[in-house]
Amino acid sequence: MQPSTAGPGGADGDEQGGSPPCQAARIAPDYFDPLAVDAKQARDVARWRKARREELLAHRAGLSIAARQTAAAAIARALDEVLAAHLPDPRGRVIAGYWPIRSEPDLRPWLARLHERGAIPALPEVVRPASPLVFRPWHPGAAMRRGHWNIPVPASAETVAPEVVLAPLVGWDGAGYRLGYGGGYFDRTLAARQPLAIGVGLQAARLATIYPQPHDIRLAAIVTERGLQYPPRPGMA
């Protein structure tokens, strides 16, 4: 059985529609070889993920600026609820976000509000290929420089260890797994640091499954503009 195509939102029958890939909703998350010894299967998954990634990124890029801003504001409100449950007093605590690229929800205003409340916001940086990210403290107005892929990063040489890390989602599934850009940096980071990892992205980016592989790390929570999606609340489909 190989992954087949499905469009954004196909997992839950939303208006974004599409059939679950390869009846993925009926496949256990550990369907794939836990030792990753099946090279063909791994290639199939990689091809399937590449195709879904391109579709999801194109869908996101097609949203209006107003729609993106509305979604980001709703995600920020949902993040406040999640953070209140896990970290009610953010003073002195390191909370890592990200600098938005490729039409990602812009949560810098949310990080700025946390800074006003005494938290220590941080942004990630790629310092070595195929290695965990490092995090540098950030605040509104902080000096920035161009990092890997020309993504702005804080100019400070200081590094911090975040307790909470926001992981931007290209796609996601109801089991708490994330489809990213394919570089593996967040998975390596979450495996090495084990922070409270919260995935943030759009509801339309939900997939029936991402076909989790041995290197994929389950997130602690997933938040979209519709609120907390994982772990599911009672009564959620």
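When all heavy atoms of Leu107 and Ala72 are compared, the pair lying nearest together is CD2-O, 3.6 Å. Looking at every heavy atom in both residues, Thr224 comes nearest to Ala78 through O-CB, 4.3 Å. Taking each heavy atom of Val160 and Ala122 in turn, the nearest pair found is CG2-CB, 3.8 Å. Nearest heavy atoms, Ala204 versus Leu56: O-CD2, 4.1 Å. For the residue pair Pro88 and Ala84, the shortest heavy atom distance occurs at CB-O, 3.6 Å. Contact detail for Ala192 and Pro132: the closest heavy-atom pair is CB-CG, 4.0 Å.
With a 4.5 Å cut-off on side-chain heavy atoms, Pro152 and Arg146 count as touching. By the 4.5 Å heavy-atom criterion applied to side chains, Leu228 and Glu81 are not counted as neighbours. The side-chain heavy atoms of Arg188 and Ser131, taken from C-beta on, include no pair separated by under 4.5 Å. With contacts defined as side-chain heavy-atom distances shorter than 4.5 Å, the pair Pro121/Phe135 does not qualify. Residues Leu219 and Phe186 form no side-chain contact, since every pair of their non-hydrogen atoms from C-beta on lies 4.5 Å or further apart. Between Arg91 and Arg117, every side-chain heavy-atom pair lies at or beyond the 4.5 Å cut-off. Side chains of Val164 and Pro195 form no contact here, defined as non-hydrogen atoms less than 4.5 Å apart.
Between Arg136 and Glu125 a salt bridge is recorded (basic side-chain N to carboxylate O distance below 4.0 Å). Salt-bridge check for Arg77 with Asp80: failed, with every basic side-chain N at 4.0 Å or more from each acidic carboxylate O. Classification of Glu55 and Arg52 as a salt-bridged pair holds, one side-chain N sitting under 4.0 Å from a carboxylate O. By the 4.0 Å N-to-carboxylate-O rule, Arg49 lies close enough to Asp216 to be salt-bridged with it. Comment: Glu163 does not engage Arg193 in a salt bridge, judged by the lack of any side-chain N to carboxylate O separation of less than 4.0 angstrom.
A chain of hydrophobic side-chain contacts below 4.5 Å, direct or via other Ile, Leu, Val, Met, Phe, Trp or Tyr residues, connects Trp110 to Leu123. Transitive grouping of hydrophobic side chains (ILVMFWY, heavy atoms separated by less than 4.5 Å) keeps Leu202 and Leu79 in distinct clusters. Residues Ile120 and Val134 do not share a hydrophobic cluster, clusters being chains of Ile/Leu/Val/Met/Phe/Trp/Tyr side chains in contact below 4.5 Å. Cluster membership for Trp99 and Leu57, using ILVMFWY side-chain heavy atoms within less than 4.5 angstrom, is shared. Grouping the Ile, Leu, Val, Met, Phe, Trp and Tyr side chains by contacts below 4.5 angstrom, directly or via other members, places Val127 apart from Ile151.
The neighbour count for Arg145 CZ, taken as heavy atoms of other residues, nucleotides or ligands under 6.0 Å away, is above 12.
Between the OG1 atom in Thr189 and the CG atom in Leu133 there is a gap of 3.5 Å [rounded to 0.5 Å]. Interatomic distance, Gln229 CD to Ile222 CD1, rounded to the nearest 0.5 Å: 8.5 Å. In this structure, CG on Leu169 lies 11.0 Å from CD1 on Ile198, to the nearest 0.5 angstrom. Between atom CZ of residue Arg108 and atom CH2 of residue Trp138 there is a gap of 7.0 Å, rounded to the nearest 0.5 Å. One distance of note links CG of Leu83 with CZ of Arg93; it measures 9.5 Å at 0.5 Å rounding. Atom CD1 of Ile210 and atom CG of Asp173 lie 5.5 Å apart (nearest 0.5 Å).
No donor-acceptor pair closer than 3.5 Å links the side chain of Glu54 to the backbone N or O of Ala51.
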* Take Leu111 and His115, measure what side-chain contact (heavy atoms from CB on, under 4.5 Å) needs, and give me the verdict at the end. => CA-CA 6 Å; Leu111 289 174; His115 180 258; over 6 Å; no

* To do: Please assess Leu196 against Val165 for the test side-chain contact (heavy atoms from CB on, under 4.5 Å), listing each intermediate value before the final yes or no.
  => CA-CA 6 Å; Leu196 179 73; Val165 171; over 6 Å; no

* Asked: Would Ser103 and Arg68 count as a side-chain contact (heavy atoms from CB on, under 4.5 Å) if you check the C-alpha gap in whole Å, the side-chain angles of each, and the deciding distance to 0.1 Å?
  -> CA-CA 8 Å; Ser103 305; Arg68 296 174 198 169; 3.4 Å; yes

* Steps toward side-chain contact (heavy atoms from CB on, under 4.5 Å) verdict (Val126, Tyr185) -> CA-CA 8 Å; Val126 174; Tyr185 286 101; 3.6 Å; yes

* Begin with the C-alpha distance, continue with both residues' side-chain angles, and end with the deciding distance and a verdict on ring-ring contact (aromatic ring centres under 6.0 Å, His included) for Trp172 and Tyr177. => CA-CA 6 Å; Trp172 58 279; Tyr177 288 101; over 10 Å; no

